[in-house]
Trainee: 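Okay, handing you the structure first.
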Amino acid sequence: MFPANAKPIIVFDLDGTLVDTAPDLLDSLNHCLNISGLQSADPVSLRRFVGQGGRTMIERAFAAQQKQIDDVMLDHLVEEFRDHYAAHIPGQSVFFPGLIDTLDRLATNGYELAVCTNKFEALSLRLLKAMGEAHRFAAICGADTFAYRKPDPRHLTDTIMQAGGNPHRAVMVGDSRTDIDTAKAAGIPVVAVDFGYTDLPVHHYEPSRVISHYDEFTLEMVEELMEAATDRV
Ligand SMILES: O=C(O)COP(=O)(O)O
Ligand SMILES: [Mg+2]
């Protein structure tokens, strides 16, 4: 079912893992809140809203102000969010420190790279293209790429398949409970970054490893995680 001779693959989450998108997410969220007559959200509360895509982010922001939102209004605000976000790409977004060197190191050593994000696919592609790095990834799969999204493990396993990889030779990298739950449900080791967007510190969700900088994402660590996973199969 999976290519036996596939390259090992590292699958990255996007918001809060590859790219520090928080200021731009907050701007677009606040655009939606302000046109709805609500107060702006702040950077701290944003961390609790992000992780399950734009739609959930808007719902959570409304709930935080004890405001109801019906499906028609929500559909409309999701469109507003997408348009506003797309129009400002790449905004203030930057890659996290050390990431590009790490991606270079992984690619040079024969690893395939992919993105599995709950951001909309078109926005993810557009952002990574605007930042000049989309070509590095064999697959970029968003919240609307398949009929399911993280924490459904099929979002991750289908991303790996689309990239020509094998879930038995894969590691996930993420910043939130959603990523950790997804990888665990798929039986794939998960490295959590502690500089992303999460309600509780990531160690709370028991990832395989926690790193605080991409310099800690060593080939030795990846090989160890893959070997431990293979032993379990
Ligand atoms: O935009 C979100 O809510 C989450 O996006 P992520 O899956 O890339 O972290
Ligand atoms: Mg994230």
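Counting convention: from 1, in listed order, for ligands and their atoms alike. Only a predicted model underlies this, so the values are computations on that prediction, with no experimental measurement involved.
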Trainee: So V191 and F12, do their side chains get closer than 4.5 Å, heavy atoms only?
Mentor: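 No, every pair of side-chain atoms sits at 4.5 Å or beyond.
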Trainee: For ligand 1, which atoms, with element, lie under 4.0 Å from some heavy atom of L14?
Mentor: 8 (O)
Trainee: Hey, which atoms in ligand 1 end up nearer than 4.0 Å to a heavy atom of K150?
Mentor: 7 (O)
Trainee: What do the steps show when you test F81 against F120 for ring pair (Phe, Tyr, Trp, His ring centres under 6.0 Å), and what is the final call?
Mentor: CA-CA 11 Å; F81 175 83; F120 294 114; 7.1 Å; no
Trainee: Is a salt bridge present between D181 and R177, judged by a nitrogen-to-oxygen distance below 4.0 Å?
Mentor: yes
Trainee: So is C116 polar-close to ligand 1, meaning N/O to N/O under 3.5 Å?
Mentor: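 N/O-N/O distance under 3.5 Å: no.
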Trainee: Below 4.0 angstrom from a heavy atom of K119, which ligand 1 atoms are there? Numbered from 1 as shown, please.
Mentor: 5 (O)
Trainee: So, is G51 polar-close to ligand 1, with some N/O to N/O distance under 3.5 Å?
Mentor: yes
Trainee: Any idea which N/O/S atom from D175 gets closest to the Mg ion (ligand 2)?
Mentor: OD1
Trainee: Has G53 got any heavy atom lying under 4.0 angstrom from an atom of ligand 1?
Mentor: yes
Trainee: Do I9 and Y214 belong to the same hydrophobic cluster, where Ile, Leu, Val, Met, Phe, Trp and Tyr are linked whenever their side-chain heavy atoms lie under 4.5 Å apart, directly or via other members?
Mentor: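 Hydrophobic grouping puts I9 apart from Y214.
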Trainee: Should we say atom CD of Q39 is surrounded by more than 12 heavy atoms from elsewhere, each under 6.0 Å from it?
Mentor: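 No, the 6.0 Å shell around CD holds no more than 12 heavy atoms from other groups.
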Trainee: N/O of G54 under 3.5 Å from N/O of ligand 1, yes or no?
Mentor: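 Between G54 and ligand 1 (N or O atoms, distance only) the closest approach is not under 3.5 Å.
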Trainee: Which ligand 1 atoms, with their elements, are less than 4.0 angstrom from a heavy-atom of V50?
Mentor: 2 (C), 3 (O), 4 (C)
Trainee: With respect to the Mg ion (ligand 2), what is the nearest N, O or S atom of D15?
Mentor: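 Distance check against the Mg ion (ligand 2) picks out O in D15.
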Trainee: Answer yes when R209 and E224 have at least one side-chain N-carboxylate O distance shorter than 4.0 Å, and no when they do not.
Mentor: yes
Trainee: So which of D13, T21, D15, D20 actually passes side chain to side chain donor-acceptor pair (under 3.5 Å) with T17?
Mentor: D13
Trainee: Just to confirm my output: which protein heavy-atom neighbour is closest to atom 6 (P) of ligand 1, and how far is it?
Mentor: D13 OD1, 2.8 Å
Trainee: For ligand 1, find out whether one of its N or O atoms is nearer than 3.5 Å to an N or O atom of D179.
Mentor: no
Trainee: How is the N/O/S atom of D13 that comes nearest to the Mg ion (ligand 2) named?
Mentor: OD2
Trainee: Tell me the protein heavy atom at minimum distance from atom 8 (O) of ligand 1, and give that distance in Å.
Mentor: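 Of the protein heavy atoms, T117 OG1, 2.5 Å lies nearest.
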Trainee: Measure from NZ or CZ of R154 to the centre of the six-membered ring of Y148 and say whether it is under 6.0 Å with the direction within 45° of the ring axis.
Mentor: yes
Trainee: Quick one: look at Q52 and ligand 1, take heavy-atom pairs under 4.0 Å, and tell me if it's side chain, backbone, both or neither.
Mentor: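 Backbone only; the side chain of Q52 stays clear of ligand 1.
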Trainee: Give the residue and atom name of whichever protein heavy atom lies nearest to atom 5 (O) of ligand 1, and the separation in Å to one decimal.
Mentor: D15 OD2, 3.0 Å
Trainee: Could you tell me whether the side chain of E206 reaches within less than 4.5 Å of the side chain of I180, counting heavy atoms only?
Mentor: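 Of all side-chain heavy-atom pairs linking E206 with I180, none is under 4.5 Å.
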Trainee: Using side-chain heavy atoms (C-beta onward) and a distance below 4.5 Å, is I35 in contact with E80?
Mentor: yes
